[in-house]
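Before any comments, here is the structure.
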Amino acid sequence: MLEDTLEVATDLDYRFDLAIQLGRLGTAKVYCETCQRFLADRLVESTCPTLDCNYDSARGDQCEKCGKLLNPTELKDLRCKVCQSTPQIRDTDHLFRELPLLKDKLEEYINNMSIAGCWSQNAIQATYAWIKEGVFYVWFDAPIGYVSITACYTPEWEKWWKNPENVDLYQFMGKDNVSFHTVMFPSTLIGTGENWTLMKSISVTKYLNYEASTRYSLAV
Ligand SMILES: [Zn+2]
Ligand SMILES: [Zn+2]
């Protein structure tokens with residue numbers, strides 16, 4: 001499954017390497033030699049640099065005691081939470097999608113499809129709020145998983161995903177996932193310049209509480 005996801009996500013034939021839609025940026029990341037991998041922020045521990053706090057088990061991205069947001073590459077006393085050894089800071093290359101280059105095509109899609117697909121008011125509001133705010137965080141390979149899971153099932157996956165004339169795509173989710181499906185996923189597909197099946201209708205619920213105060217949301 002993972003291999004198929006990576007194949008669809010990286011194979012040039014599928015044009016997910018978006019050429020001019022992607023900018024390149026060097027970023028420092030925390031690498032553990034013992035574990036032989038880059039560490040997610042939650043796997044990095046350090047001493048909180050806030051003077052009155054000094055919490056010795058602050059997470060790489062945030063101190064859970066005082067709430068301060070942290071950048072793991074600027075911290076001292078870094079520890080790998082998995083093996084407790086001291087990780088290194090390494091330079092890495094990252095590709096970023098230049099969403100402003102897709103703005104006109106994306107807005108055209110949203111304006112047309114929100115009417116054709118009868119998007120609910122909360123889906124439309126959430127979409128425009130995210131476009132206005134302009135701050136995103138999503139794994140590039142997460143929405144592409146919809147495509148790759150179809151590719152796992154059948155080599156004829158393009159019959160579904162590159163056939164917008166004959167396929168209507170409906171998606172169901174909690175409201176916190178709206179922007180990933182109305183902005184990020186269509187941008188990924190529109191950016192290739194190919195004839196992808198884009199989501200037509202989105203059914204958005206509020207949150208389902210499965211414990212007294214814990215929010216629970218799923219996208220399918
Ligand atoms: Zn702190
Ligand atoms: Zn380690």
Side-chain angles (χ1 to χ4, degrees), residues 1-12 16-18 22-97 99 126 129-130 132-149 151-152 174-180 183-185 188 206-219:
M1 170 65 197
L2 181 62
E3 286 75 15
D4 285 316
T5 302
L6 290 173
E7 188 183 332
V8 174
T10 57
D11 193 319
L12 290 183
F16 276 119
D17 188 333
L18 301 181
L22 291 175
R24 192 176 285 268
L25 200 68
T27 310
K29 288 277 171 196
V30 181
Y31 183 86
C32 177
E33 281 231 298
T34 314
C35 299
Q36 297 208 324
R37 62 167 166 160
F38 287 98
L39 299 176
D41 292 341
R42 66 191 156 75
L43 296 180
V44 178
E45 270 186 346
S46 73
T47 304
C48 176
T50 309
L51 279 180
D52 298 336
C53 177
N54 275 322
Y55 181 48
D56 65 0
S57 298
R59 242 174 39 176
D61 55 348
Q62 185 169 27
C63 172
E64 279 161 340
K65 191 173 172 200
C66 72
K68 185 177 167 62
L69 294 176
L70 304 171
N71 183 347
T73 58
E74 292 167 359
L75 298 171
K76 294 187 178 120
D77 303 330
L78 287 178
R79 290 184 307 281
C80 168
K81 201 171 174 179
V82 180
C83 71
Q84 298 300 316
S85 63
T86 304
Q88 310 168 333
I89 306 296
R90 285 196 183 178
D91 289 333
T92 58
D93 246 1
H94 286 256
L95 296 172
F96 289 84
R97 208 169 327 164
L99 281 181
W130 275 97
K132 203 169 154 213
E133 238 172 79
V135 180
F136 281 103
Y137 174 66
V138 66
W139 289 286
F140 183 68
D141 58 341
I144 294 173
Y146 295 124
V147 180
S148 61
I149 201 168
C152 275
K175 62 180 178 179
D176 54 330
N177 279 310
V178 167
S179 58
F180 305 137
V183 179
M184 297 307 286
F185 189 28
T188 303
K206 296 203 170 182
Y207 299 112
L208 172 66
N209 290 327
Y210 70 99
E211 284 175 7
S213 60
T214 310
R215 289 186 320 200
Y216 181 70
S217 170
L218 264 184

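Remember, it's 1-based here, ligands and their atoms both numbered in the order they're listed.
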Over all heavy atoms of both residues, which pair between [X] and [Y] is shortest? Give the atoms and the distance, please.
{"X": "Gly60", "Y": "Leu75", "value": "O-CD1, 4.0 Å"}
{"X": "Lys76", "Y": "Ser46", "value": "O-CB, 3.6 Å"}
{"X": "Pro72", "Y": "Asp41", "value": "CG-OD1, 3.3 Å"}

(request) Show the numbers, then the answer: is there a side chain to side chain contact (heavy atoms under 4.5 Å, CB included) between Leu69 and Gln62? (result) CA-CA 4 Å; Leu69 294 176; Gln62 185 169 27; 3.8 Å; yes

(message) Just to confirm my numbers, could you give the angle made at the Zn ion (ligand 2) by SG of Cys32 and SG of Cys83, rounded to 10°?
(response) 100°

(message) Please report, to 10°, the angle around the Zn ion (ligand 2) from atom SG (Cys35) across to atom SG (Cys80).
(response) 110°

(message) I need the SG(Cys63)-the Zn ion (ligand 1)-SG(Cys53) angle, rounded to 10 degrees.
(response) 110°

(message) To check your reading of the site, what angle at the Zn ion (ligand 1) do SG of Cys66 and SG of Cys48 form, to 10°?
(response) 110°

